[in-house]
Asks: 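This is the structure I want to talk about, given as structure tokens.
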Amino acid sequence: MSCTRIRTLLTGYLDGELEADDGSVVRGHLRECAACRQAATDESALRDGLRQLPPVDPPPSLWAGVQAQLAAAEVADAKRPAWRRALARWAPVAPRFATGGLVAAAAVAVVWWRTQRTVDDAQVPAPEVAITAPSPEVEPKVVPPPSSPAGDVTAELAGEAARTTDTYADAAEELLALATEARVQWTTEQKDAFDARVAELRGLIDRAPEGRSRQRAWGKLIKYLQGAVVRDDIALAGGGL
Amino acid sequence: MSDLAETVPVVPSPILAEPRPRHPAALADDAQLIAACRRGEARAMEMLYHQYKRRVFGMAHRIVGASDAEEVAQEVFVRVFRALGNFRGDSALSTWIYRLTVNASLSHLAKRGRRQEVSDEGLAELPAPPAVERDSGLAARIESALGQLPAGYRAILVLHDVEGLSHEECAAILECRVGTCKSQLHKARARMREILGPSVDRPVAKERA
């Protein structure tokens, strides 16, 4: 086994995470290769040094500071209107409910549209349920009048989709600006990898059909950019993709 | 061969590897502690604080530096107590708290980086860099080298090597795959060795002697 391969196994070997066979191969190599033995000794010393770093005691003022901030937050809570407290309570789960709401609205819209098409194709009088349906002489697929409830839903969905796309685009632009600041510290390989990945993800966005697919593509780009900016590490940023 | 047989065991064998320090022993069952904290019981909140204060402060200290560690740790505990009502128990309480700590630390560094770039006037007010003790002991050199690493590498080294968490725990905290976690640790240690230079082991040999 080459020294390069052995070096990649050293971390696992020193941490006792290799299978017995691999461990034996590494030990055998170390018996014969002075350079890898030195690397292993260095990494072992480093690992031991890190493990033996003394614990850091927090200052006594920390708990007092936490209590003071909690008290201030509770006072602020008490002064906040009830609806805002309720909003804050639901905020963590709101996205799931919003998604559920959108799915339900989309389902209603699809059912309505299919009903319309069936009605138009069959040239039968509109059933009682289709109070909101356009009259038979109206072309199929025409957006219903704004006064109809189904029309409201469709328009609302389209508006919501557009707003969501704008939000994604704004977030991505902001993160790209941050990444531009951070990239001065990156290596050429990291910059190339970053540029290639961003271009790839932008291509995905352009190719994705409007709607959930495009939102997912935006989400991928934003997740990657967040990783690059927050973790300060291109490889780690790419790890979850 | 006898010569080699003496030198190789310097590298600890996997079988002889020392057991890692684990989570601090739970002072109380997590579920009971969480329920009591949600009710606002001061004693339970204090117990939870004491259970995690060293690790939270230690992680923040080594990721953001001594000068900002208290601010970050305070923010973490306030978030913990405020958000405990929404804690769903998808992960262990400790994992959740450490994730908050790492995220707060990395966000703090990102914000601090932006602030420093935005205002040169603020240079005079910038906190001092992490304290490096004058002695050249290995611990001081390691602390100094840690401060020179990219934040992502620092986080994985602190979680895995300093705090002794498993790769699975680190992956849950950093929200990445276990394989990514392992490769990052390998790269982080390699970078540390580059920073520390070729004599990593010499001070250790002296200290051990």
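Note on naming: letters A, B, ... go to the chains in the order of the sequence lines (proteins, then strands), and numbering restarts at 1 for each one.
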Asks: Which bit of B/Glu75 is near chain A, if near means a heavy-atom gap under 4.5 Å: side chain, backbone, both or neither?
Replies: neither
Asks: Compare all side-chain heavy atoms of B/Lys53 with those of A/Trp63 and state whether any distance is below 4.5 angstrom.
Replies: no
Asks: Are the side chains of B/Leu146 and A/Leu53 in touch, meaning some heavy atoms are under 4.5 Å apart?
Replies: yes
Asks: Is B/Arg62 in contact with chain A via its backbone, its side chain, both, or neither, using a 4.5 Å heavy-atom distance?
Replies: side chain
Asks: Search all heavy atoms of A/Asp15 against all heavy atoms of B/His160 and return the closest pair with its distance.
Replies: OD2-CE1, 3.4 Å
Asks: Drop me the distance from A/Leu10's CG to B/Arg189's CZ, to the nearest 0.5 angstrom.
Replies: 10.0 Å
Asks: Is there side-chain contact between A/Val66 and B/Phe81, with at least one heavy-atom pair below 4.5 Å?
Replies: yes
Asks: Under the salt bridge (Lys or Arg N to Asp or Glu O under 4.0 Å) rule, what pairs show up with a residue in residues 56-76 of chain A, not counting sequence neighbours?
Replies: A/Asp57-B/Arg54
Asks: A/Ser2: which residues meet the side chain to side chain contact (heavy atoms under 4.5 Å, CB included) condition with it, sequence neighbours left out?
Replies: A/Thr4, A/Arg5
Asks: Less than 4.5 Å to any heavy atom of chain A: does that hold for the side chain of B/Ile156, its backbone, both, or neither?
Replies: neither
Asks: Could you tell me whether the side chain of A/Thr11 reaches within less than 4.5 Å of the side chain of B/Lys182, counting heavy atoms only?
Replies: no
Asks: Counting C-beta onward and ignoring hydrogens, is there a side-chain heavy-atom pair between B/His167 and A/Glu17 closer than 4.5 Å?
Replies: yes
